[in-house]
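Remember, it's 1-based here, ligands and their atoms both numbered in the order they're listed. By convention here, the first residue in the shown sequence is residue 1. Basis for what follows: all heavy atoms, side chains included, without hydrogens, waters or symmetry-related copies. Please read all numbers here as calculations on a predicted model, not as lab measurements.
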Amino acid sequence: MIRLHDILDMISAYNPEADVDQVKKAYVFAAKAHQGQTRRSGEPYLVHPMEVAGILAKMKLDLPSITTALLHDTVEDTVATLEEVEQLFSEEIKDLVDGVTKLSKVHFTTSEERQAENFRKMIMAMAKDIRVIIIKLADRVHNMRTLEHMPEMRQVAIAQETVDIYAPIANRLGIQEMKIELEDLSLKHLKPDVYQMIDDQVRKKRVKREKFIKDIKQVIIDKMKEHNIQCDIYGRLKHYYSIWKKMEIQHIPLDQVHDIVAFRMIVDNIQQCYEALGAIHALWRPVPGRFRDYIAMPKANNYQSLHTTVIGPQGERVEFQIRTQEMHAIAEHGVAAHWKYKEGKLIEQEDEMKFKWIRKLLEWQTELSDPAEFLDTVKLDLFADDVYVFTPKGELLEFPRGSTPLDFAYSIHTDVGHSCIGAKVSGKIVPLRYELHSGDTVEILTSKKKLPHKDWLNFVKTSRAKAKIRQQLRQDEQEKVSTIGRELLEKACRKYKLSINQILKSKELAAYAKKSSYDVAGVVASIGYGKLSAQQVIALFVPKDDLKNDEKDQKAESVIGKIVRKIKRSKGMVKVGGMGDMLVSFGKCCNPIPGDPIIGFVTRGRGVSIHVSNCPRVLGQNKERLINVEWDMSNASTRIARIRVVCVDQPGMLAKMTEAITEEGSNIAGASITINDDKTATNGFDIEIKDLTQLRNVIKSLERVKGIISVERVRG
Ligand code: MN
C-alpha cells in the first residue's frame with residue numbers, strides 16, 4: 001500500500017521547491033471524508049485516492065492534479081461539498097474536482113438520450129482543462145488494477161468501456177504507459193483464456209528471450225561505440241494486447257508472432273537518431289516497408305521516433321525504435337509531459353502549440369452549439385467507423401458508418417424493415433437513403449405493405465439488412481413464379497375443360513411430382529420457371545391423341561415464356577456480359593464466393609472460368625481473354641468456402657465452433673483439426689455459403705466464441 005510520504009518523496013524528486021502542504025491537507029481531508037468506507041476488496045477506501053495520486057506523481061504531474069486525485073471521490077461519495085473544497089483549497093482545485101466528479105457520472109454503455117450531451121461535457125471538461133481527463137484516466141487505471149473484486153458482469157462491462165473509450169483517449173493524449181496498461185488489463189478480463197495462453201507462452205520462453213535481448217543489446221552497444229554515440233538501449237516484450245492484435249490481424253498462432261520483442265534506443269540528439277538507424281541497417285537487413293520516420297512527420301498526438309524492423313542475427317524480425325530523451329518523455333507521458341516542471345515553470349507556449357488537436361477541440365467548442373453535431377464531429381475522430389443513434393425510447397444503437405434508416409429498421413425487426421418507407425430523424429422526415437449521424441434520434445415510418453426492393457441492396461450497410469432483403473426478394477420471386485405457373489396451368493386446364501383444383505389434388509400429379517423429386521407446389525413453380533410445360537402436366541390426364549396442338553396457344557405461351565425466361569436467367573450464379581446462361585466454372589485457386597469482386601477468363605472449350613479479380617492466376621493471363629462478369633445476387637445457390645480457425649485447445653471447443661457456424665445458417669461440408677505445440681488447435685472447415693455477407697457473419701460469429709484466437713478465410 002502506498003503511503004503519504006511515498007507520494008511526497010516522488011513529488012520532491014522532480015519538483016524540489018514544491019509546497020506540499022496542500023497535498024498533506026488533501027490527504028487529511030480525504031481520510032476524514034472516507035472514514036469508515038471500504039472498497040469491494042475490503043481495503044479502506046482511502047487506498048484508492050492514494051493510489052490514483054501515486055500514479056499521477058509517477059507521471060510527474062503538477063501539485064493541483066495530485067491534490068485533486070486525493071479529493072476526487074469525496075464530493076461524489078461522501079458528505080463533503082464543492083464549497084468546502086473551494087474554501088479549504090482553491091478555485092482551481094474545486095474546478096478540477098468538479099470536472100472529475102462530473103466525468104464519473106458519464107457511462108458510455110447506458111442508454112439515455114442525454115448521452116450526446118454527456119459526451120459533449122466530457123470533451124468540454126477535457127478542452128477546458130485536460131488535467132481532468134488525465135486524473136480520470138489514472139482513476140480508471142487503478143479501478144482496472146482492482147477489477148477482480150467487482151462482480152463478473154460488471155468486470156466485462158467496465159473492461160469493454162475501457163478498451164473502447166479510455167484506452168483510445170490515452171492514446172490520443174499520447175500517454176503510452178496508460179494506454180498499454182489499460183489495454184492489457186482489459187484483455188485479461190475480456191478474453192481471460194487468451195490472456196492466460198499468451199502469459200503461459202511468454203513465461204515459458206523467458207530464459208531464451210532474455211538471452212536474445214542480452215545478445216542484441218551487446219551488439220548494438222559495441223556498434224554505437226564505434227560511431228561514438230552515447231546510447232541507452234532497452235529490450236522489452238510487447239504488451240499482451242498488441243501481441244493478441246497481431247495474432248488476430250495476421251491470423252497466426254503465438255509462436256509465429258516473431259517481433260514480440262522491441263528494442264528502444266535513446267540517444268542525445270536528432271542527428272544521432274538517423275546515424276544509429278544507418279548503423280543498424282548496415283548491421284542487419286531492414287524489412288521493406290517497415291521504416292517509419294515519425295521525427296520528420298510526428299503523429300497527431302505529437303509522438304516522435306524512428307521505427308524500423310530488421311532481419312536479426314537468427315533470421316527473426318527485430319523491431320527498433322530510436323528517439324531522443326525528450327521524445328521519449330513525450331512518448332511515455334504524452335500530453336502529461338506538458339505539466340512537467342521546467343525550472344519551476346510550465347513548459348513554454350511553443351510546446352503547447354504542438355498539441356494541435358486540443359486546440360482544435362477548443363475551436364469546435366466555440367463554433368458548434370448543437371450537442372449532437374459536436375458529438376458527431378468529435379466522435380468521428382475517436383470512432384471513425386461507427387455511428388451511434390438513439391431509438392425514440394432513448395436506447396443507444398451502434399451502426400457502421402454510412403448506415404441508413406433501413407439498417408436501423410431491420411435491426412429492430414425484419415417486418416419493420418420490410419415495411420419501412422422512411423424515417424423521422426430528430427423530428428424531420430428523411431428518405432430511405434439518408435445517412436445516419438451520431439446523436440440522431442430515429443423513428444421509423446412504415447406502411448402496411450411489404451416493400452423490399454432490389455435497389456435497397458445498393459445502399460444498406462449492415463449484413464443483417466442485406467440478408468433480410470435478399471431473403472424477401474427470393475420469396476417474392478418464388479411467389480411470382482408460382483403465380484405464373486398456376487396461370488399457365490389454369491389456361492391449359494380451361495382448354496381441356498379440366499378443373500385445376502382437381503388436378504392439383506389428384507394422385508396422378510402427386511405421383512408425377514414424387515417421380516421428378518418435387519412436391520406439387522414444386523411442379524407448379526417449375527411450370528412458372530419454364531422447366532416444365534403445362535402441356536406435360538395435362539398429358540397425365542388427357543389421352544395422347546386428344547392433346548391439341550394449337551399454334552395460337554403456343555404463341556400465347558411463348559409470350560409468357562419470355563417473362564418466365566427472364567426469371568429463369570437468374571438461375572446461373574454469374575452473369576457473363578449480362579447473360580446468365582453461359583457455361584461457367586469457378587477457379588480452384590481462389591474459390592470465389594458471391595460478393596467477391598470477380599473476373600472471367602474465357603477458356604478453350606470449357607466456357608468461362610471465374611476468378612477473384614486479383615487472383616494471381618488471372619493477372620498473368622492474356623488480357624484479351626478476360627471478360628467482365630458479375631454475380632447474380634438473386635440466385636439462391638451455395639458455394640463451398642474454406643475457413644481456418646485457431647483456438648485454444650480445450651474440451652468443448654469443436655461443439656462451440658460448429659454451433660457458431662450453423663447459427664448463421666451455414667452447413668459444414670468438411671472439417672479437419674490439428675493440435676499445435678503451443679496448446680492451440682488449428683481447425684479447417686469447409687462450409688456452404690450463400691454469399692460473402694454470410695461468410696462474414698460466420699466469421700464474426702466464430703470470433704465471438706470464447707477461446708478463439710483467429711478466424712480467416714482460406715483461398716483454394
Ligand atoms: Mn475514483
Side-chain angles (χ1 to χ4, degrees), residues 1-4 6-7 22-23 25-59 61-82 84-85 89 93-110 118 121-122 125-126 129-151 154-155 157-167 169-170 173 175 177-179 181-182 185-186 189 336:
M1 190 182 126
I2 193 165
R3 289 165 185 281
L4 180 63
D6 297 327
I7 297 171
Q22 210 180 49
V23 176
K25 211 160 81 181
Y27 169 77
V28 174
F29 186 87
K32 228 191 249 167
H34 291 300
Q35 195 166 36
Q37 290 181 339
T38 52
R39 301 198 92 213
R40 277 176 193 271
S41 60
E43 286 176 305
Y45 196 90
L46 187 64
V47 172
H48 170 63
M50 293 283 284
E51 289 290 345
V52 177
I55 291 168
L56 295 175
K58 206 179 141 222
M59 289 169 67
L61 250 78
D62 64 353
L63 284 179
S65 302
I66 292 160
T67 308
T68 303
L70 290 168
L71 301 173
H72 82 272
D73 278 332
T74 56
V75 174
E76 173 80 10
D77 297 338
T78 76
V79 290
T81 64
L82 279 174
E84 279 177 84
V85 171
F89 299 92
I93 304 279
K94 180 210 76 176
D95 284 344
L96 287 171
V97 172
D98 189 29
V100 178
T101 306
K102 278 185 180 141
L103 270 190
S104 306
K105 290 177 184 153
V106 178
H107 291 288
F108 292 93
T109 43
T110 58
N118 276 342
K121 275 189 195 145
M122 169 158 182
M126 186 168 173
D129 196 330
I130 201 122
R131 288 175 296 181
V132 167
I133 285 284
I134 299 172
I135 297 161
K136 184 66 199 163
L137 283 170
D139 178 46
R140 180 53 64 113
V141 166
H142 185 245
N143 285 335
M144 285 299 291
R145 283 180 189 167
T146 52
L147 195 60
E148 72 267 19
H149 300 296
M150 293 297 262
R154 293 282 299 139
Q155 286 183 19
I158 293 170
Q160 193 64 51
E161 189 186 59
T162 300
V163 85
D164 287 346
I165 311 274
Y166 288 95
I169 288 176
L173 295 173
I175 312 173
E177 268 187 343
M178 274 189 172
K179 179 202 150 201
E181 187 171 359
L182 289 174
L185 288 168
S186 300
H189 292 279

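In this structure the side chain of Glu181 never reaches within 4.5 angstrom of the side chain of Glu177, judged on heavy atoms. Under the 4.5 Å side-chain criterion, counting only non-hydrogen atoms from C-beta, Arg39 is in contact with His48. Side-chain atoms of Pro44 and Val47, non-hydrogen and from C-beta on, do get closer than 4.5 Å to each other.
Taking the charged nitrogens against the carboxylate oxygens, Arg3 and Asp6 have no contact shorter than 4.0 Å, which rules out a salt bridge.
Asp73 contributes OD2 as its N, O or S atom closest to the Mn ion (ligand 1). Sorting the N, O or S atoms of His72 by how far they are from the Mn ion (ligand 1) puts NE2 first.
Angle NE2(His48) to the Mn ion (ligand 1) to OD1(Asp139), rounded to 10°: 80°.
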